[in-house]
Peer 1: 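This is the structure, below, for whatever I ask next.
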Number of protein chains: 2
Amino acid sequence: MQRPFVHPPIEDVTLEAILYALSDPARLEIVRKLTAGGCPMNCSTAAPVHLPKSTQSHHYQVLREAGLIRSERRGTEVVNTLRCSEIGEKFPNLMQTILKASEISPPRP
Amino acid sequence: MQRPFVHPPIEDVTLEAILYALSDPARLEIVRKLTAGGCPMNCSTAAPVHLPKSTQSHHYQVLREAGLIRSERRGTEVVNTLRCSEIGEKFPNLMQTILKASEISPPRP
DNA sequence: TCAATAGTTCAATATTCTTGAACAATCGGA
DNA sequence: TCCGATTGTTCAAGAATATTGAACTATTGA
């Protein structure tokens, strides 16, 4: 049996959990795609392609539990949406500023 | 022999490392104190009192390696300063917005 | 009914965190 | 100068998390 998705109410969403969720490159990329593509977007579309699907699934769980995304099953797929407005109300400018910062060129390899 | 502190050049400072460093409540509190107190500030002053000192030392190392603080030995103490201007130039508004968000009331226990 | 699709769950390994204990460096006073 | 106090670092071991292959679930379409 597959467990239903759990989404924390916005009151329980913490800055620390958001920062932690976004501190992983794969998760940050997912959120960037969800923002850019104009949510919603399903898992396989938003996730970096090179990761195993069990790892991807884990990353979505972290994002969900941090309160950043909302996930809904649509048939065989899962559709994810950013919880933009709720987060924007609780933490003004946070997502915009972080996403803007994520456009800065990363250090050379 | 005690190793000298290593501070990454600002080009090597990544958003991910900053977010990760700030995702820990103790480290976020340290940075908040450094900001509020008008840096510089030594370790024992800035760190949450309830943590073992080896843990505190570890948190300063994470902050240092993320590029958030600069540490200098002054006699028996270590003085830490936020690398405000450098970070502010590379990631505009990032620190201000995160620190502002950190003032939001956390969820009830 | 069956195969394909899209994810989830589990379990094992790998990595990272936390912290007590020992150590290092500096300072101030006797 | 020697000693003890102060500040913090380093090490090592156990605790906690992350990663991922493999098995499984649910849904859809033929």
Side-chain angles (χ1 to χ4, degrees), chain A residues 1-8 14 16-31 33-34 37 39-66 68-81, chain B residues 1-8 14 16-31 33-34 37 39-66 68-81:
Chain A
M1 188 52 185
Q2 231 156 184
R3 293 158 209 170
F5 293 130
V6 174
H7 301 94
T14 66
E16 287 87 342
I18 289 179
L19 298 182
Y20 178 76
L22 296 178
S23 72
D24 181 275
R27 292 192 292 259
L28 184 57
E29 186 176 337
I30 290 172
V31 169
K33 285 185 185 166
L34 288 178
C39 33
M41 190 173 257
N42 65 26
C43 287
S44 52
T45 311
V49 286
H50 61 283
L51 290 177
K53 57 184 182 172
S54 56
T55 306
Q56 293 184 14
S57 188
H58 163 73
H59 285 319
Y60 282 102
Q61 187 184 348
V62 172
L63 290 170
R64 199 161 45 235
E65 292 177 348
L68 281 166
I69 64 173
R70 196 173 288 282
S71 305
E72 291 172 279
R73 296 187 207 279
R74 288 264 201 281
T76 171
E77 300 184 346
V78 173
V79 175
N80 299 284
T81 50
Chain B
M1 186 57 184
Q2 233 158 181
R3 293 158 208 170
F5 293 131
V6 175
H7 301 94
T14 67
E16 287 87 342
I18 290 179
L19 298 181
Y20 177 75
L22 297 178
S23 72
D24 181 276
R27 292 192 292 258
L28 184 57
E29 186 176 338
I30 290 172
V31 170
K33 285 186 185 164
L34 288 178
C39 32
M41 190 172 256
N42 65 25
C43 288
S44 52
T45 312
V49 286
H50 61 284
L51 289 176
K53 57 184 180 170
S54 57
T55 306
Q56 293 183 15
S57 188
H58 164 72
H59 285 319
Y60 282 102
Q61 185 183 351
V62 172
L63 290 170
R64 200 158 47 235
E65 293 177 347
L68 281 166
I69 65 173
R70 197 173 288 283
S71 305
E72 291 172 279
R73 294 187 208 280
R74 289 262 201 281
T76 172
E77 301 185 346
V78 173
V79 175
N80 299 285
T81 49

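Within every chain, numbering begins at 1; the chains are lettered A, B, ... in the order of the sequence lines, protein sequences first and strands thereafter. In what follows, every heavy atom counts, from backbone to side chain, and hydrogens, waters and symmetry copies are set aside.
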Peer 1: Test of understanding: with side-chain contact (heavy atoms from CB on, under 4.5 Å), list the residues that count as partners of B/S23, not counting sequence neighbours.
Peer 2: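 Testing B/S23 for side-chain contact (heavy atoms from CB on, under 4.5 Å), a comparison that skips the adjacent residues, returns A/L19, A/Y20, B/Y20.
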
Peer 1: If you compare every side-chain N and O of A/R3 against the phosphate oxygens of C/dC10 (OP1, OP2), does one of them come in below 4.0 Å?
Peer 2: yes

Peer 1: Are there any protein N/O atoms within less than 3.5 Å of an N/O atom in nucleotides 4-6 of chain D, and if so, which ones and at what distance?
Peer 2:
unit_1, atom_1, unit_2, atom_2, d
D/dT6, O2, B/T76, OG1, 3.1

Peer 1: How many whole angstroms separate atom CD of B/E65 from atom P of D/dT9?
Peer 2: 12 Å

Peer 1: Could you state the atom-to-atom distance from CZ of A/R73 to C1' of D/dT28 in whole Å?
Peer 2: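 In whole Å, D/dT28 C1' and A/R73 CZ are 15 Å from each other.
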
Peer 1: Please state how far atom CG in A/L51 lies from atom C1' in D/dT20, giving the value in whole angstrom units.
Peer 2: 10 Å

Peer 1: Please give, in whole Å, the distance from C/dT26 P to B/E72 CD?
Peer 2: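 It is 15 Å, rounded to the nearest whole Å.
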
Peer 1: With nearest nucleotides of DNA chain D determined for B/R64 and A/S54 from heavy-atom distances, which residue corresponds to the more 5′ nucleotide?
Peer 2: B/R64

Peer 1: With a 4.0 Å cutoff (strictly under), does any side-chain N or O of A/R74 reach OP1 or OP2 of C/dG7?
Peer 2: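 The answer is no; no side-chain N or O of A/R74 sits under 4.0 Å from OP1 or OP2.
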
Peer 1: Spell out, as yes or no, whether a donor-acceptor pair under 3.5 Å connects the side chain of A/H7 to the backbone of A/S71.
Peer 2: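 Judged by distance alone, yes, a pair lies under 3.5 Å.
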
Peer 1: How close or far is atom C1' of D/dG21 from atom CD of A/Q56, stated in whole angstroms?
Peer 2: 14 Å

Peer 1: To the nearest 0.5 angstrom, please state how far the CG atom of A/L63 sits from the CG atom of A/N80.
Peer 2: 8.5 Å

Peer 1: Give, for atom CD of A/Q56 and atom NZ of A/K53, the distance between the pair rounded to the nearest 0.5 Å.
Peer 2: 9.5 Å

Peer 1: List, with names and distances, any nitrogen or oxygen atoms from the protein found under 3.5 Å away from nitrogen or oxygen atoms belonging to nucleotides 15-18 of chain C.
Peer 2:
unit_1, atom_1, unit_2, atom_2, d
C/dC17, OP1, B/Y20, OH, 2.1

Peer 1: So, B/E16 side chain and A/L22 main chain: donor-acceptor pair closer than 3.5 Å or not?
Peer 2: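 A pair under 3.5 Å: no.
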
Peer 1: Roughly how far, to the nearest 0.5 Å, is NE2 of A/H59 from CG of A/L51?
Peer 2: 5.5 Å

Peer 1: What distance separates A/L34 CG from A/T81 OG1, expressed to the nearest 0.5 Å?
Peer 2: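 Going from CG on A/L34 over to OG1 on A/T81, the span is 8.0 Å.
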
Peer 1: Roughly how far, to the nearest 0.5 Å, is CG of A/L68 from CZ of A/R27?
Peer 2: 10.0 Å

Peer 1: Whole Å only: how far is the CD atom of B/E77 from the C1' atom of C/dC27?
Peer 2: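 Atom CD in B/E77 sits about 11 Å away from atom C1' in C/dC27.
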
Peer 1: Enter the distance from B/E72:CD to B/F5:CZ here, rounded to the nearest 0.5 Å.
Peer 2: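 The distance works out to 9.5 Å.
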
Peer 1: In terms of side-chain heavy atoms of B/K53, which of C/dA22, C/dT8, C/dG7 is nearest?
Peer 2: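 Nearest nucleotide to the side chain: C/dA22.
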
